Amino acid sequence: MLTQAPKGTQDILPEDSYFWQAAEQIMREVCDLFGYREVRTPMFEHTELFQRSVGDTTDVVQKEMYTFLDKGARSVTLKPEGTAGVARAFLEGKLFAGPLPLKMYYVNCPCFRYEKPQAGRLREFHQNGIEVFGAKDASCDAEVIALALELVKRCGIKDLCLSINSIGCPDCRKKYFELLTEFLEPKVDQLCPDCKGRFARNPLRILDCKEEKCQHAIEGAPSMLAHLCPDCQAHFDQLQQYLSALGVEYALDSRIVRGLDYYTKTVFEVIARTPSGNLTVCGGGRYDGLVEELGGPSTPGIGFGMGLERLLMVQKAQGAAPEVPCLYEVFVCTLGAQARLEGVKLVSELRGAGIKADLDHAARSLKAQFKYADKTGAPRVIVLADDELQRGVVKLRDMRESAEREIARDELIQFLKK
RNA sequence: GUGGAUGUAGCUCAGUUUGGUUAGAGUGCCAGGUUGUGGCCCUGGAGGUCGUGGGUUCGAGCCCCAUCAUCCACCCCA
């Protein structure tokens with residue numbers, strides 16, 4: 001128990017941390033290129049924020065939140081997703097008064113959901129994400145999607161599939177709900193127990209149900225896409241034109257619903273195919289009503305979240321993980337007390353010159369020092385003993401070529417730098 | 001939250017059928033073979049409360065119960 005991380009959490013050990021850093025680096029580079037700046041928000045928020053934004057009836061809010069009372073009897077919640085906190089910060093920081101659109105990104109943001117863990121689904125997970133406020137045009141939807149794809153591609157991931165859908169605005173959704181409800185009403189008895197509940201709360205979800213009898217019941221049901229209001233329809237058409245202009249391939253998938261209430265119009269997923277199955281690495285959409293819902297001025301918004309654990313899983317499964325740089329460029333092996341003293345000085349000089357270097361701190365034999373150097377992948381090893389010390393030289397061994405040469409101590413750093 | 005599978009050395013796994021002395025292998029780790037040199041080879045060493053707790057039994061890694069964890073499928077989503 002004591003030596004076991006809590007259920008659904010994970011350590012990122014030194015052997016893996018490089019992959020995370022690489023993904024974070026790519027996120028920063030691409031976002032910078034697209035004109036986004038970083039935002040950092042608290043790991044927990046007032047519970048009410050998520051109830052209002054994500055939505056009271058969603059699974060996330062109803063049964064998956066880490067909610068507790070702090071010592072001041074305030075109900076706070078570890079954030080289950082990234083958008084709500086950023087929207088709150090946008091309002092609290094009065095950023096709506098600045099130039100819009102405002103484009104923001106966040107990196108390695110910890111999120112928490114109390115779920116039964118399995119591969120690619122943890123209780124603490126991490127997201128990279130972006131949010132744009134004040135851009136209503138579909139060109140922004142296309143840019144956000146293109147950015148997501150660019151990120152995933154730069155992480156070396158192949159076999160990608162982009163699915164898009166429009167779930168309309170509250171107006172057309174309300175009308176569609178009525179149509180769907182009317183259609184399903186006579187068939188409620190045929191639905192699975194889950195869907196009987198969904199019928200009252202959110203009939204859209206029934207479309208996703210895998211139960212055979214529900215699939216049968218929804219045959220011939222009206223589709224959302226066929227009942228968008230003129231404005232939403234135009235927006236969706238434009239999005240597709242922009243995507244085509246950008247050369248982005250996409251598939252329409254009316255089953256993408258997104259389980260968070262704030263979504264409007266465009267919703268999308270980036271799915272990666274792997275030998276062990278398909279995985280959604282990125283999901284997002286437009287949320288034109290969110291800022292207003294939280295008490296701010298009517299401001300359109302759009303964004304996505306990208307699951308880092310999933311991204312790295314796919315990267316690994318596809319053999320696309322980046323090559324990890326060697327720990328040391330030079331490892332110094334010494335023999336004897338005097339040489340060791342000199343070795344410590346040498347390592348310090350090497351580091352001062354920006355060369356990654358170290359020497360044996362375990363007081364081991366020369367042979368063991370070499371073994372260790374080899375295991376760390378050091379391409380070069382320096383040997384320093386009394387003999388070299390007296391002659392003012394070091395031996396420099398190229399571990400890959402298994403070739404060794406002597407170099408004057410004074411010229412070593414200059415030699416290594418070129 | 002529902003259903004199923006699995007927990008033995010750092011890692012991958014034998015051993016459980018049919019309970020029986022001191023629980024094994026490969027790999028990894030440490031050391032020696034070479035008191036000045038890595039990889040290959042040889043030798044040796046360390047490392048296990050057999051997930052945890054209880055029960056049955058003269059005796060449990062093996063049988064029974066509970067519990068925890070992991071994995072898979074749902075649900076949901078990143």
Side-chain angles (χ1 to χ4, degrees), chain A residues 1-10 13 15 54 58-64 79-83 108-129 148 152 192-195 197-198 202 205 208-211 256-260 263 267-272 276-277 279-285 303-314 331-336 339 360 362 364-389 394-404:
Chain A
M1 201 64 180
L2 194 62
T3 56
Q4 195 163 49
K7 184 168 179 159
T9 67
Q10 216 175 43
L13 299 173
E15 62 195 31
V54 174
T58 58
D59 279 10
V60 169
V61 168
Q62 281 200 331
K63 46 189 195 190
E64 294 175 359
K79 57 180 162 187
E81 54 92 53
T83 301
N108 196 217
C109 162
C111 295
F112 303 85
R113 288 185 203 170
Y114 191 88
E115 290 189 275
K116 196 159 167 179
Q118 63 190 60
R121 199 177 72 185
L122 293 154
R123 287 182 175 180
E124 182 191 24
F125 60 101
H126 300 80
Q127 287 189 348
N128 287 349
V152 179
C192 73
D194 279 347
C195 283
R198 288 175 186 138
N202 189 350
R205 289 251 170 278
D208 279 344
C209 188
K210 312 277 191 304
E211 291 280 336
I256 301 177
V257 176
R258 307 268 108 222
L260 313 177
Y263 284 116
V267 290
F268 68 94
E269 280 183 7
V270 177
I271 298 155
S276 53
L279 211 57
T280 300
V281 293
C282 176
F304 67 71
M306 183 171 285
L308 272 300
E309 282 83 359
R310 288 184 182 183
L311 191 76
L312 298 189
M313 253 174 96
V314 172
F331 192 82
V332 176
C333 296
T334 65
L335 198 63
D360 171 54
R364 285 185 285 209
S365 69
L366 189 66
K367 177 182 175 135
Q369 293 179 47
F370 262 87
K371 274 194 168 178
Y372 180 73
D374 188 41
K375 277 171 206 156
T376 65
R380 285 163 155 165
V381 167
I382 283 171
V383 185
L384 195 53
D386 289 346
D387 176 44
E388 285 83 9
L389 219 53
V394 298
K395 285 225 169 68
L396 180 64
R397 184 176 179 83
D398 185 315
M399 295 295 272
R400 283 162 197 166
E401 302 293 325
S402 293
E404 209 163 286

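Protein chains get the first letters and strands the later ones, always in sequence-line order, with residue 1 at the start of each. From a predicted model like this one, the values you see are computed outputs, not experimental measurements.
In this structure, Gly120(A) reaches the bases: a heavy-atom distance under 4.0 Å links it to at least one base atom across the strands shown. If you check every strand for non-hydrogen atoms under 4.0 Å, Arg364(A) touches sugar and phosphate atoms only. Here Gly284(A) lies out of heavy-atom contact (under 4.0 Å) with every strand. Contact annotation for Val60(A): no contact, since no heavy-atom pair falls under 4.0 Å across all strands. Heavy atoms of Cys111(A) sit nowhere under 4.0 angstrom from any nucleic acid atom.
When the C1' atom is compared between U2(B) and G48(B), the two are found 36 Å apart, to the nearest whole Å. Separating the C1' atom of G24(B) from that of G61(B) is a span of 12 Å, rounded to the nearest Å. Comparing the P positions of G32(B) and C72(B) gives an interatomic distance of 43 Å, to the nearest angstrom. Spacing between G39(B) and U18(B) at atom C1', rounded to whole Å, works out to 48 Å.
When the C1' atom of A69(B) is taken as reference, atom CG of Leu122(A) falls 14 Å away, rounded to whole Å. In this structure, the CD atom of Gln62(A) is 13 Å from the P atom of C76(B), given to the nearest Å.
Residues satisfying the side-chain hydrogen bond (donor to acceptor under 3.5 Å, both in side chains) test with Glu124(A), not counting sequence neighbours, are none. Checked against side-chain hydrogen bond (donor to acceptor under 3.5 Å, both in side chains), Arg113(A) has no partners two or more places apart in sequence or in another chain. Applying the side-chain hydrogen bond (donor to acceptor under 3.5 Å, both in side chains) criterion to Glu404(A), with sequence neighbours excluded, gives Arg397(A). Contacts of Ala368(A) classified as side-chain contact (heavy atoms from CB on, under 4.5 Å), with partners at least two apart in sequence or in another chain: Arg364(A), Ser365(A). Taking the salt bridge (Lys or Arg N to Asp or Glu O under 4.0 Å) definition, one finds that Glu309(A) meets it with nothing, sequence neighbours left out. Legend: residues meeting salt bridge (Lys or Arg N to Asp or Glu O under 4.0 Å) with Lys63(A), ordered by chain and number and at least two apart, are Asp59(A).
Closest approach of Phe268(A) and Gly285(A) over heavy atoms only: CE2-N, 3.7 Å. Between Pro117(A) and Lys7(A), the shortest heavy-atom distance links the atoms CD-CE, 3.8 Å.
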Counting primed atoms, P, OP1 and OP2 as sugar-phosphate and everything else as base, the B/S/- map of nucleotides 2-12 of chain B against protein heavy atoms under 4.0 Å is BB---------
Nucleotides 32-43 of chain B: protein proximity per nucleotide (B base, S sugar-phosphate only, - neither; heavy atom, under 4.0 Å): -B--BBBB----
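When the nearest nucleotides of RNA chain B are assigned to Pro6(A) and Arg121(A) by heavy-atom distance, the more 5′-ward of the two goes with Pro6(A).
In terms of polar N and O atoms assigned as donor or acceptor, the side chain of Arg310(A) comes within less than 3.5 Å of the base of C77(B) in a complementary pairing.
In this structure, Lys7(A) reaches the A69(B) phosphate: one of its side-chain N or O atoms is under 4.0 Å from OP1 or OP2. Between Gln118(A) and U70(B) there is no side-chain N or O to OP1 or OP2 distance below 4.0 Å.
Among residue pairs with one or both ends in residues 376-388 of chain A, those qualifying as salt bridge (charged side-chain N to carboxylate O under 4.0 Å, His left out) are Asp387(A)-Arg391(A), Glu388(A)-Lys395(A); sequence neighbours excluded.
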